[in-house]
Amino acid sequence: MPKFSHVPVVFLAVLALAVAVPVLLTAADPLAADPLNALAPPGADHWFGTDHLGRDVLARVVHGARHSLSIGVAASVLAVTCGTLLGLAAGLSPKWLDEALARSFDVLSTLPELLLALLVVAITGPGTVNVIFAIAIAQIPNYARVIRAQTFVVRHSGYVEQALTFGRSRLAIIAGHVLPNVLGPIPVLATIGLGQAVIASAGLSFLGMGPQPPAAEWGAMLSEARNYLRVAWWEALFPGLAITLTVVCLTVVGRRPQRRFEGRTP
């Protein structure tokens with residue numbers, strides 16, 4: 001039997017398969033409605049039951065992984081890229097500019113990520129692209145603050161001072177010494193941040209600001225299912241489990257590089 005520590009990795013691998021080739025996990029059409037078979041409980045024909053329109057819940061959960069995870073991954077990549085650049089800019093800038101950027105990071109960090117993302121979407125309007133930008137903007141301060149702190153440590157290190165003594169250019173020092181050594185915490189932050197992005201994506205979609213119906217997305221599925229909880233608990237249970245297990249598994253997997261980065265044994 002596989003070790004318990006391997007279970008999150010296996011679950012994330014199945015999710016990756018659902019995103020890349022969902023037809024390998026289910027042949028049912030997530031958009032095909034069957035009103036005569038609406039709200040059917042889990043059974044041999046529909047393992048996760050059907051929703052209020054008779055659509056197969058398993059198919060919608062599997063195909064919904066593509067929407068939910070794609071939004072989370074895109075937002076995380078954008079947040080990591082912008083956060084790294086802003087953190088480097090703050091850590092390498094004159095004191096007045098560093099103070100201005102640092103205070104901006106602090107102010108934005110005081111706001112809950114979902115609330116900040118909701119504010120951005122309220123300004124830009126609903127839609128998948130706007131949700132990605134909103135979640136990214138909400139997460140940028142977290143990455144920028146860490147990169148800024150790491151940049152301060154690296155820029156005052158002995159090997160950077162030695163490179164300056166040897167007359168290397170500022171750009172060469174940043175590219176060859178500073179940047180590679182400040183990116184250590186990023187895998188940890190990005191893995192855990194991806195889970196937070198999935199939650200934010202589901203939350204915004206639940207409020208009707210993400211992918212629009214009839215698209216299968218976990219948060220939107222929960223929104224549609226809330227009116228049928230008493231008669232069809234399975235319609236909300238399975239997308240809710242998908243969100244929960246995804247976030248838990250990403251957090252567990254993210255702890256491994258965190259322990260290595262902190263010098264602790266796994």
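In this text the structure is predicted, and so the values were computed from the model without any measurement.
Screening Ile186, Leu189, Leu86 against Ile147 for a side-chain contact (heavy atoms from CB on, under 4.5 Å) leaves a single residue, Ile186.
Under 3.5 Å, the side chains of Asn37 and His46 contain a donor-acceptor pair of N or O atoms. Under the 3.5 Å distance criterion, with hydrogens and angles disregarded, no donor-acceptor pair is assigned to the side chains of Asn142 and Gln196.
Between Ile140 and Leu78, every side-chain heavy-atom pair lies at or beyond the 4.5 Å cut-off. At a threshold of 4.5 Å between non-hydrogen side-chain atoms, the residues Leu24 and Val21 count as touching. Annotation: side chain of Met209 is in contact with side chain of Leu118 (closest heavy-atom distance under 4.5 Å). Using a 4.5 Å heavy-atom threshold, the side chains of Asp51 and Asp56 count as separate. Annotation: side chain of Arg226 is in contact with side chain of Phe206 (closest heavy-atom distance under 4.5 Å). Counting heavy atoms from C-beta outward, Ser223 and Ser205 have side chains that stay 4.5 Å or more apart. Side-chain atoms of Thr191 and Thr251, non-hydrogen and from C-beta on, never get closer than 4.5 Å to each other. A 4.5 Å side-chain heavy-atom check between Leu31 and Arg60 finds at least one atom pair inside the cut-off.
Proximity of a side-chain donor or acceptor of Thr110 to a complementary backbone N or O of Val107 within less than 3.5 Å is detected. Not a single donor-acceptor pair under 3.5 Å links the side chain of Glu113 to the backbone N or O of Ala200. Ser109 places a side-chain N or O within donor-acceptor distance of the main-chain N or O of Phe105, the cut-off being under 3.5 Å. Using modelled atom types, no side-chain atom of Thr50 and backbone atom of Arg55 make a donor-acceptor pair closer than 3.5 Å. In this structure, the side chain of Gln139 does not engage the main chain of Ile137 through any donor-acceptor pair within 3.5 Å. Not one N or O on the side chain of Arg148 forms a donor-acceptor pair closer than 3.5 Å with the backbone of Gly87. Side-chain atoms of Trp218 do not come within 3.5 Å of backbone N or O of Ala242 as any donor-acceptor pair.
Minimum interatomic distance between Pro8 and Val252 (heavy atoms only, all atoms of both residues): CG-CG1, 3.8 Å. For the residue pair Ile243 and Gly219, the shortest heavy atom distance occurs at CD1-N, 4.4 Å. Closest non-hydrogen pair, Ala28 versus Ala59, comes out as O-CB, 3.6 Å. Counting all heavy atoms, side chain and backbone alike, Ala40 lies closest to Trp234 at O-NE1, 3.2 Å. Nearest heavy atom pair, residue Ala75 against residue Ile132, reads CB-O, 3.6 Å. Taking both residues in full, the closest heavy atoms of Ala138 and Ala117 are given as CB-N, 4.1 Å, listed atom of the first, atom of the second, then distance.
Judged as a ring pair (Phe, Tyr, Trp, His ring centres under 6.0 Å), and not counting sequence neighbours, the contacts of Phe238 are Phe48.
Here OG1 of Thr128 is found 8.5 Å from CD of Glu217. Values are rounded to the nearest 0.5 Å. Atom CG of Leu69 sits about 8.5 Å away from atom OG of Ser201, to the nearest 0.5 Å. How far CG of Asn130 is from OG1 of Thr124: 3.5 Å, rounded to the nearest 0.5 Å. Distance check: Leu114 CG to Leu119 CG gives 11.5 Å after rounding to the nearest 0.5 Å. Interatomic distance, CG of Leu97 versus CG of Leu92, reported as 10.5 Å (0.5 Å rounding). If you take NE2 on His63 and CG on Leu58, they are separated by 9.0 Å, rounding to the nearest 0.5 Å.
The pair Asp98-Lys95 does not meet the salt-bridge criterion, since no charged nitrogen lies less than 4.0 angstrom from a carboxylate oxygen.
Under the 4.5 Å side-chain heavy-atom criterion for Ile, Leu, Val, Met, Phe, Trp and Tyr, Leu115 and Val131 are members of distinct hydrophobic clusters. Cluster annotation: Phe133 is not connected to Val77 through the hydrophobic network of ILVMFWY side chains, with a link wherever side-chain heavy atoms come within less than 4.5 Å. No path of Ile, Leu, Val, Met, Phe, Trp and Tyr side chains, each step under 4.5 Å between heavy atoms, connects Leu207 with Val120, placing them in separate hydrophobic clusters. Cluster annotation: Trp233 is connected to Val57 through the hydrophobic network of ILVMFWY side chains, with a link wherever side-chain heavy atoms come within less than 4.5 Å. Under the 4.5 Å side-chain heavy-atom criterion for grouping Ile, Leu, Val, Met, Phe, Trp and Tyr, Leu108 is not connected to Leu88 through any hydrophobic cluster.
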Exercise. Side chain to side chain contact (heavy atoms under 4.5 Å, CB included) between Thr246 and Leu15: does it pass, once the steps are laid out?
Worked result: CA-CA 8 Å; Thr246 299; Leu15 275 185; 3.2 Å; yes
Problem set entry | From CA spacing to verdict: side chain to side chain donor-acceptor pair (under 3.5 Å), His52, Glu235 | CA-CA 8 Å; His52 58 287; Glu235 187 176 352; 2.8 Å; yes
Exercise. Would Thr84 and Tyr143 satisfy side chain to side chain contact (heavy atoms under 4.5 Å, CB included), going step by step from the backbone distance to the final call?
Worked result: CA-CA 6 Å; Thr84 299; Tyr143 298 105; 5.5 Å; no
